[in-house]
Amino acid sequence: MSTPVPFSQRPQGDVICLFDVDGTLTPARRSASPAMLEVLKQVREKAVIGFVGGSDLAKITEQLAIHGQDISGDFDFCFAENGLTAIKLGQALPSESFIQWIGEEKYKKLVRFILHYIADMDIPIKRGTFIEFRAGMINVSPIGRNASVNERDEFEKYDKVHKVRAAFVDALKKEFADYGLTYSIGGQISFDVFPDGWDKRKGLERIAGENFREIHFFGDKTYQGGNDYEIYEDPRTIGHSVTCPEDTQRELKKLFNL
Ligand code: M1P
């Protein structure tokens, strides 16, 4: 891994670009294109770059890894699980824990409700791994995280019509109104559940001491209810709402005269 140029020696080292992953740097759950990675490399020669994704680090690594398995050499800041897992210039920053925050008893009640709800759901197909337990959140999928790419695409279409995830989230909000949880439908087949405030603004907290003059955020789910909404709307960021990775590239080329 080559040593990154210090921020102060980059022409716009007081400017940072933070990127959502799915739909912004890559198609959903797929790899970034060589063209996208090349544009990111060029931006990094001028300014500071980081991603702030909802997925865990292993999944984001699969999507963005340029040099084999280690992603931390390719971005100045890596924020997975909305910034709960964080790396700065290859060094891990302290993490926070969802299970410690919620406690085992409340967590068991939540899991019991979720699994019963999924068992009773009548959707076209079900696969496996309906709850994924992560450091800073849980991820809940009615079809299951073992769905293939094709099955994902089909579920996403089905959900656009039948809104089964939205109804599930409503049921959880009602049942656990006093839990202080946020539910975020950020991808194709699932939704994330995490404590109120543990959204992508966690990434902003992580860079608060760096004194960046401009913080640009690029995301595709910037509408209310989308998992980029809070950070996009935050007064600390200059928000860029993009439609796909190619749109992100166009915005970056304009912004940095590439
Ligand atoms: O990054 C957006 C979302 O990506 C995945 O969603 P899905 O599997 O539903 O497409 C998940 O990793 C989810 O946690 C994440 O928010």
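All heavy atoms count here, side chains included; hydrogens, waters and symmetry mates do not.
- Residues Leu64 and Leu25 are in side-chain contact: their nearest non-hydrogen atoms beyond the backbone lie under 4.5 Å apart.
- Looking at residues two or more places apart in sequence or on another chain, you find a ring-ring contact (aromatic ring centres under 6.0 Å, His included) between Phe191 and Phe168.
- When the side chains of ILVMFWY residues are joined at heavy-atom separations under 4.5 Å, either directly or via intervening members, Phe7 and Val5 end up in two distinct hydrophobic clusters.
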Step by step, work out the side chain to side chain contact (heavy atoms under 4.5 Å, CB included) result for Glu251 and His216.
CA-CA 11 Å; Glu251 284 282 302; His216 293 265; over 6 Å; no

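- Taking the six-membered ring where the residue is Trp, Trp101 and Phe98 present parallel rings, their angle staying beneath 30° rather than reaching 60°.
- Proximity of a side-chain donor or acceptor of Asp159 to a complementary backbone N or O of Val164 within less than 3.5 Å is detected.
- In the hydrophobic clustering of ILVMFWY residues, with side-chain heavy atoms under 4.5 Å counting as a link, Phe133 and Met137 come out together.
- Between the side chain of Glu230 and the backbone N or O of Asp199 there is no donor-acceptor pair closer than 3.5 Å.
- In this structure, the side chains of Met36 and Gln249 come closer than 4.5 Å at one or more pairs of heavy atoms.
- Put simply, the side chain of Thr222 never gets that close to the backbone of Gly219: no donor and acceptor are under 3.5 Å apart.
- A distance of 5.0 Å separates CG of Asp234 from CG of Leu204, quoted to the nearest 0.5 Å.
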Side chain to side chain contact (heavy atoms under 4.5 Å, CB included) between Thr237 and Leu18: does it pass, once the steps are laid out?
CA-CA 9 Å; Thr237 63; Leu18 292 175; 5.8 Å; no

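- A heavy-atom distance below 4.5 Å is found between the side chains of Leu258 and Lys46.
- By the 4.5 Å heavy-atom criterion applied to side chains, Phe256 and Cys17 are counted as neighbours.
- The closest side-chain donor-acceptor pair between Asp22 and Gln63 falls under 3.5 angstrom.
- Of the possible donor and acceptor atoms, one in the side chain of Thr248 sits under 3.5 Å from a partner among the backbone N and O of Thr24.
- When the side chain to side chain donor-acceptor pair (under 3.5 Å) test is applied to Asp76, the partners found at least two apart in sequence or on another chain are Arg10, Arg44.
- Placement of Ile238 and Ile16 in two distinct hydrophobic clusters is found when ILVMFWY residues are connected by side-chain heavy-atom separations under 4.5 Å, directly or transitively.
- At least one donor-acceptor pair under 3.5 Å links the side chain of Lys126 to the backbone N or O of Met121.
- How far OG of Ser141 is from CZ of Arg127: 11.5 Å, rounded to the nearest 0.5 Å.
- Counting heavy atoms from C-beta on, the side chains of Lys202 and Glu205 come closer than 4.5 Å.
- More than 12 heavy-atom neighbours from other residues, nucleotides or ligands sit within 6.0 angstrom of CG on Asp196.
- Using a distance-only test at 3.5 Å, with no hydrogens or angles considered, no donor-acceptor pair links the side chain of Thr129 to the main chain of Gly144.
- Looking at Asp192 and Ser184, their side chains never bring a donor and an acceptor atom within 3.5 Å of each other.
- Listed for the Thr61 side chain is no donor-acceptor partner under 3.5 Å among the backbone atoms of Ala65.
- Looking at Lys109, its side chain never comes within 3.5 Å of a backbone N or O of Phe176 through a donor-acceptor pair.
- A salt bridge is absent between Lys59 and Glu62; no separation between the charged side-chain nitrogens and carboxylate oxygens falls under 4.0 Å.
- When hydrophobic clusters are built by joining Ile, Leu, Val, Met, Phe, Trp and Tyr residues whose side-chain heavy atoms come closer than 4.5 Å, directly or via intermediates, Leu110 is grouped together with Trp198.
- A ring-ring contact (aromatic ring centres under 6.0 Å, His included) with Phe19 holds for exactly one of Phe75, Tyr232, Phe218; it is Phe218.
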For side chain to side chain contact (heavy atoms under 4.5 Å, CB included), just list the numbers for Phe130 and Ile114, CA-CA rounded to whole Å, side-chain angles, deciding distance to a tenth of an Å, and then say yes or no.
CA-CA 9 Å; Phe130 300 101; Ile114 289 170; over 6 Å; no

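- A cation-pi geometry, defined here as NZ or CZ lying under 6.0 Å from the six-membered ring centre and within 45° of its normal, holds between Lys106 and Tyr179.
- Criterion: ILVMFWY side-chain heavy atoms under 4.5 Å apart, direct or through other members. Under it, Leu181 and Phe194 are part of a common hydrophobic cluster.
- Within the model, atoms CZ of Phe79 and CG of Leu84 stand 11.0 Å from one another, a figure rounded to the nearest 0.5 Å.
- If you take CD1 on Ile87 and CD1 on Ile71, they are separated by 8.0 Å, rounding to the nearest 0.5 Å.
- Side chains of Asp20 and Asp220 form a contact here, defined as non-hydrogen atoms less than 4.5 Å apart.
- Side-chain N or O atoms of Arg165 include one that pairs as donor or acceptor with a backbone N or O of Ser190 at under 3.5 Å.
- For Lys221, there are no salt bridge (charged side-chain N to carboxylate O under 4.0 Å, His left out) partners, not counting sequence neighbours.
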